[in-house]
Each structure stands twice: as structure tokens, then as C-alpha cells.
S.K.: 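Starting off with a structure, shown below.
Source: prediction; values computed, not measured. Below, each value reflects all heavy atoms present in this structure, side chains not excepted, and no hydrogens, waters or symmetry copies. Sequential numbering from 1 along the given sequence is applied to the chain's residues.
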Amino acid sequence: VFGLLDVFKGAALAEYIIASEKDIAPKPMGISFEQAAAAPVVGSAAIQLFDTLVNIQTGSEVLINGASGGIGMFAIQIAKTKGAAVTAVVSDRGLKAAKDWGSDFVINYRKEDVLKAGKLYDVVIDLSNQMPYSAAKKIMKASSTYVHTAPGPKEIISSFFISLFSAKKYKVLMLKPSQAYLKELKRYMEEGLAVVVSRTYSFASFKTAYTEAPKAHIVGKTVITVN
């Protein structure tokens with residue numbers, strides 16, 4: 001099996017855990033346990049984003065800022081299955097991965113400013129926490145949606161009032177675990193969706209993992225393994 005515990009309660013970092021049946025689903029066939037462990041949080045987040053926050057249609061122009069991490073890995077590929085034209089903004093180390101995952105256009109933010117490129121988007125997803133709504137609205141179409149994936153109280157309140165009065169909607173992603181999302185993830189992965197695990201740490205090195213991973217700008221995901 002693979003699964004996702006309540007993100008507010010945690011307790012998944014253990015050799016053994018007790019999980020409710022609703023929190024788990026059969027592990028996808030044909031992938032490693034490391035890949036399966038990497039998928040539930042970021043994969044469920046990407047599915048929820050497209051399921052509840054934005055309406056993607058064939059030809060929709062989608063910009064994903066900070067696209068080479070875990071959510072970006074899934075968001076690019078899922079958006080492509082829905083027929084979107086995806087522009088990924090990444091650093092040098094994420095260029096190849098973003099292309100491999102199916103992005104139509106890849107921008108290296110170290111060399112090009114997407115805010116000055118002159119292109120407008122139906123959906124702007126900020127995964128880097130570096131493109132606030134105030135900046136993103138410059139590249140959004142008249143009727144479009146911006147998604148913040150790491151909101152604090154300020155962003156949650158702002159999103160509510162902006163979306164009331166503007167056609168350029170401001171949405172926030174607050175992950176709600178769902179077995180249905182896990183089953184959908186299983187289907188995607190068994191159909192060939194790529195899951196990249198760039199680095200693994202032993203269970204005994206979990207403190208090192210939590211210290212290094214946020215600073216390393218990992219492509220895909222980091223996983224802690226139980227020996």
C-alpha cells in the first residue's frame with residue numbers, strides 16, 4: 001500500500017504506523033517503494049489543484065513557476081493529460097526534467113524574466129513562493145486563475161476578497177487527503193507518469209534529510225528509506 005496521513009497530525013516518519021483504511025490505497029504496480037513513498041503528498045496536491053481550483057481545457061495556457069520540485073513534477077504531467085499548453089519556470093538544474101515531463105515551453109529564470117516575456121496565461125501556479133499575485137496578475141488573461149500553494153493567513157484572506165471582485169481569481173491550495181486522489185495517482189503512475197526520486201536518506205539520517213532537502217533545490221523528490 002501507499003498513503004497519506006492527516007497533514008496536520010503527521011506521525012508518518014516511523015518504522016511502523018497505524019493507518020485508517022481511508023488513508024491508504026494499493027501501491028501502484030511497476031514502480032519502486034521509494035517512488036510510491038514520494039507520490040501521495042505532492043501527487044494528491046496536484047490532483048486537488050486541478051480538481052477543485054482551476055478548470056483546465058484543451059489549449060489552456062498554464063504557467064507553473066518553480067516547476068521542478070515534487071508538485072511541479074505531477075502538475076506538469078497531469079496538465080498535459082488534460083490538453084494544456086504548459087510553460088515551466090525552473091533553474092538550470094530543472095531544465096531537462098521539465099522537458100522530460102512534457103512541458104511545451106521551459107524558461108530558465110536565471111536567464112529570462114517570465115513577467116517580461118509578453119505572454120498571457122489562463123492559469124498561473126506558483127510553487128516557489130516567489131511570484132505573488134500582485135506580480136502574476138501582469139501575465140494573466142482577463143479571465144484567469146492564480147494559485148498559491150503555500151498560503152499563510154494573509155494569502156488566505158487576500159484570496160477571498162480578490163476573487164469576490166476580480167475576474168483574475170486568486171485561489172489557495174490547502175491539501176485535503178483523499179483516498180480517491182490516491183486511487184487516481186495509482187492509475188496515473190501505472191499509465192506511465194514519471195516519478196523522479198533524486199535523493200534518498202536512511203531512516204537514521206532523517207535529521208540530515210530535513211536540514212538538507214529544503215536547501216538543495218531537489219529535482220523531483222527526496223525520500224527517507226527504512227532499512
S.K.: Does anything in residues 67-87 pair up under side-chain hydrogen bond (donor to acceptor under 3.5 Å, both in side chains), and if so which pairs, sequence neighbours excluded?
M.R.: K80-D104
S.K.: Measure the acute angle between the ring planes of Y133 and Y170, then classify it against the limits of 30° and 60° as parallel, tilted or perpendicular.
M.R.: parallel
S.K.: Which pair of heavy atoms, one from S166 and one from K169, lies closest together, and at what distance?
M.R.: O-NZ, 3.0 Å
S.K.: Can I71 be reached from V54 by stepping across I, L, V, M, F, W or Y side chains whose heavy atoms are under 4.5 Å apart?
M.R.: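 They do share one cluster, since a chain of ILVMFWY contacts under 4.5 Å joins V54 to I71.
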S.K.: Which pair of non-hydrogen atoms, one from I156 and one from P151, has the smallest distance, and what is that distance?
M.R.: CG1-CB, 4.0 Å
S.K.: Does one hydrophobic cluster hold both L49 and Y181, with members joined at side-chain heavy-atom distances below 4.5 Å?
M.R.: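 Yes; tracing contacts between hydrophobic side chains, which count when under 4.5 Å, links both residues.
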S.K.: Side chains of M189 and F2, heavy atoms from C-beta outward: is any pair under 4.5 Å?
M.R.: yes
S.K.: Indicate, with yes or no, if Y16 and L5 share a hydrophobic cluster defined by side-chain heavy-atom contacts under 4.5 Å among Ile, Leu, Val, Met, Phe, Trp and Tyr.
M.R.: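 No: no chain of side-chain contacts under 4.5 Å links L5 to Y16.
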S.K.: Under a single-linkage definition using a 4.5 Å side-chain heavy-atom cutoff for Ile, Leu, Val, Met, Phe, Trp and Tyr, are I78 and L53 assigned to the same hydrophobic cluster?
M.R.: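 Yes, it is one cluster - the side chains of I78 and L53 are joined through contacts under 4.5 Å.
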S.K.: Return a table of donor-acceptor pairs under 3.5 angstrom between the side chains of residues 22-48 and protein atoms on other chains or two or more places apart.
M.R.:
| from | atom 1 | to | atom 2 | distance (Å) |
| --- | --- | --- | --- | --- |
| K27 | NZ | I31 | O | 2.7 |
| S32 | OG | E34 | N | 3.4 |
| S32 | OG | Q35 | N | 3.0 |
| S32 | OG | Q35 | OE1 | 3.4 |
| Q35 | OE1 | S32 | N | 3.0 |
| Q35 | NE2 | V195 | O | 3.0 |
| S44 | OG | P40 | O | 2.7 |
| Q48 | OE1 | K176 | N | 2.8 |
| Q48 | NE2 | M174 | O | 2.9 |

S.K.: Do T52 and K171 come within less than 4.5 Å of each other through their side chains, counting heavy atoms only?
M.R.: no
S.K.: Do you know the tightest heavy-atom contact between G3 and L182?
M.R.: CA-CD1, 3.9 Å
S.K.: Should the heavy atoms of other residues, nucleotides or ligands under 6.0 Å from NZ of K183 be counted, would the total exceed 12?
M.R.: no
S.K.: Near E21 CD, under 6.0 Å, is it more than 12 heavy atoms from other residues, nucleotides or ligands?
M.R.: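 Result for CD/E21: open.
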S.K.: Determine the minimum heavy-atom distance between A84 and I56, stating which atoms define it.
M.R.: CB-CG2, 3.7 Å
S.K.: Under the side-chain contact (heavy atoms from CB on, under 4.5 Å) test against Y146, which residue among I139, L63, V124 passes?
M.R.: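 Per the side-chain contact (heavy atoms from CB on, under 4.5 Å) rule, the option paired with Y146 is V124, out of I139, L63, V124.
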S.K.: Measure the shortest side-chain to side-chain distance between E190 and R187 over non-hydrogen atoms and say whether it is less than 4.5 angstrom.
M.R.: no
S.K.: With the side chain counted from C-beta on, respond yes when R110 and D92 share a heavy-atom pair under 4.5 Å apart, and no when they do not.
M.R.: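 Yes, at least one pair of side-chain atoms sits under 4.5 Å.
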S.K.: Might you work through the side-chain contact (heavy atoms from CB on, under 4.5 Å) test for F105 and K119, ending with a clear yes or no?
M.R.: CA-CA 12 Å; F105 308 98; K119 186 174 181 179; 3.4 Å; yes
S.K.: If I take atom CD from residue E155 and atom CD1 from residue I162, how far apart are they, to the nearest 0.5 angstrom?
M.R.: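 One gets 10.0 Å once the value is rounded to the nearest 0.5 Å.
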S.K.: Do L175 and L4 have side-chain heavy atoms sitting under 4.5 Å apart?
M.R.: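 Yes, their side chains come closer than 4.5 Å.
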S.K.: Return the minimal non-hydrogen interatomic distance between A12 and I17, and the atom names on each side.
M.R.: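 Closest heavy-atom pair between A12 and I17: O-CG2, 4.2 Å.
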S.K.: Starting at OG of S91, measure out to CD1 of I107 and round the result to the nearest 0.5 Å.
M.R.: 13.5 Å
S.K.: Name the orientation class of the two ring planes belonging to Y210 and F206 (parallel below 30°, tilted from 30 to 60°, perpendicular beyond 60°).
M.R.: perpendicular
S.K.: Check whether any side-chain heavy atom of L193 sits under 4.5 Å from a side-chain heavy atom of F74, and report yes or no.
M.R.: yes
S.K.: Compare all side-chain heavy atoms of V196 with those of W101 and state whether any distance is below 4.5 angstrom.
M.R.: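 With C-beta onward as the side chain, the pair touches.
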S.K.: Report the distance from atom NZ of K141 to atom CG of L120, rounding to the nearest 0.5 Å.
M.R.: 7.5 Å
S.K.: Measure the NZ-OG distance between K168 and S163 for me, rounded to the nearest 0.5 Å.
M.R.: 13.0 Å
S.K.: Please answer: with hydrophobic residues joined when any side-chain heavy atoms are less than 4.5 Å apart, are M131 and V172 in the same cluster?
M.R.: yes
S.K.: Return the CG to CG distance between L127 and N65, rounded to the nearest 0.5 Å.
M.R.: 7.5 Å
S.K.: Take atom CD1 in I18; do more than 12 heavy atoms of anything else shown fall under 6.0 Å from it?
M.R.: no
S.K.: Of all heavy-atom pairs between S144 and M140, which one has the smallest distance, and what is that distance?
M.R.: OG-CB, 3.2 Å
S.K.: To the nearest 0.5 Å, what is the distance between CG on L173 and CG on D126?
M.R.: 11.5 Å
S.K.: Indicate every side-chain donor-acceptor pair of residues 212-225 with a distance under 3.5 Å to a residue at least two apart or in another chain.
M.R.:
| from | atom 1 | to | atom 2 | distance (Å) |
| --- | --- | --- | --- | --- |
| E212 | OE1 | Y201 | OH | 2.6 |
| T225 | OG1 | Y201 | O | 3.3 |

